[in-house]
Novice: 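Got a structure here, written out as structure tokens. Questions coming.
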Amino acid sequence: QVELVESGGGLVQAGGSLRLSCAVSGLTMDGFRMGWFRQAPGREREFVAGINWSGYYTYYADSVQGRFTISRDNAKNFLYLQINSLKPEDTAVYYCAATSGFGNIKSMSAYNFWGQGTRVIVSS
């Protein structure tokens with residue numbers, strides 16, 4: 001049974017940092033590209049960051065480029081998202097996802113498996 005479990009969310013002041021983690025079980029992680037998405041209240045889920053199988057290539061939404069860093073540890077079966085310089089507009093539930101296919105890494109439809117999310121609240 002595949003399971004993705006996010007952690008590390010919380011309440012933080014604007015300008016602060018968080019490190020989100022995603023524990024992956026039930027699959028061989030190095031066979032999957034991984035991504036982070038987020039969903040703010042009243043808005044659709046959106047792409048945040050993606051990473052290829054080895055971690056060599058990373059992709060970011062324009063809104064987070066330079067502030068967010070995605071990384072992975074295939075040996076430990078973990079995906080990470082380092083979030084710096086947080087802004088109130090970063091408030092959302094953050095989801096990790098895994099895809100075994102070759103679709104657009106920025107598209108939700110490419111992903112086979114999803115976590116339940118971790119909430120990030122940024123106060124101004």
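Just the heavy atoms: all of them, side chains too, but no hydrogens, waters or symmetry mates, feed the values below.
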Novice: If you apply the rule side-chain contact (heavy atoms from CB on, under 4.5 Å), what do you find for Glu46 with Met108, and how did you get there?
Specialist: CA-CA 8 Å; Glu46 63 177 1; Met108 287 180 54; over 6 Å; no
Novice: For the pair Trp53 and Phe102, evaluate ring-ring contact (aromatic ring centres under 6.0 Å, His included) and give the outcome as yes or no after the intermediate values.
Specialist: CA-CA 11 Å; Trp53 301 268; Phe102 296 90; 5.8 Å; yes
Novice: For the ring pair Phe37 and Phe47, is the centre-to-centre distance below 6.0 Å?
Specialist: yes
Novice: I'd like to know if the side chain of Thr99 reaches the main chain of Asn112, judged simply by a donor and an acceptor atom lying under 3.5 Å from each other, with no hydrogens or angles considered.
Specialist: no
Novice: Heavy-atom distance under 4.5 Å between the side chains of Asp90 and Arg38, does that happen here?
Specialist: yes
Novice: What about Tyr111 and Trp36, are their ring centers closer than 6.0 Å?
Specialist: no
Novice: With a cut-off of under 6.0 Å to the ring centre and 45° to the axis, is Arg19 in cation-pi contact with Tyr80?
Specialist: yes
Novice: Counting distance only, does the side-chain N/O of Ser54 pair as donor-acceptor with the main-chain N or O of Tyr56 below 3.5 Å?
Specialist: yes
Novice: Are Trp114 and Tyr59 linked, directly or through intermediate hydrophobic residues, by side-chain heavy-atom contacts shorter than 4.5 Å (ILVMFWY only)?
Specialist: yes
Novice: Does one hydrophobic cluster hold both Tyr95 and Leu20, with members joined at side-chain heavy-atom distances below 4.5 Å?
Specialist: no
Novice: Taking everything shown except Gln39 itself, do over 12 heavy atoms lie less than 6.0 Å from its CD?
Specialist: yes
Novice: Any cation-pi pair here, Arg72 with Phe78, using under 6.0 Å and within 45°?
Specialist: no
Novice: When you group the ILVMFWY residues by side-chain heavy-atom contacts below 4.5 Å and let the links chain together, are Ile70 and Leu86 in the same group?
Specialist: yes
Novice: Within the side chain of Thr91, is there an N or O that forms a donor-acceptor pair under 3.5 Å with the backbone of Pro88?
Specialist: yes
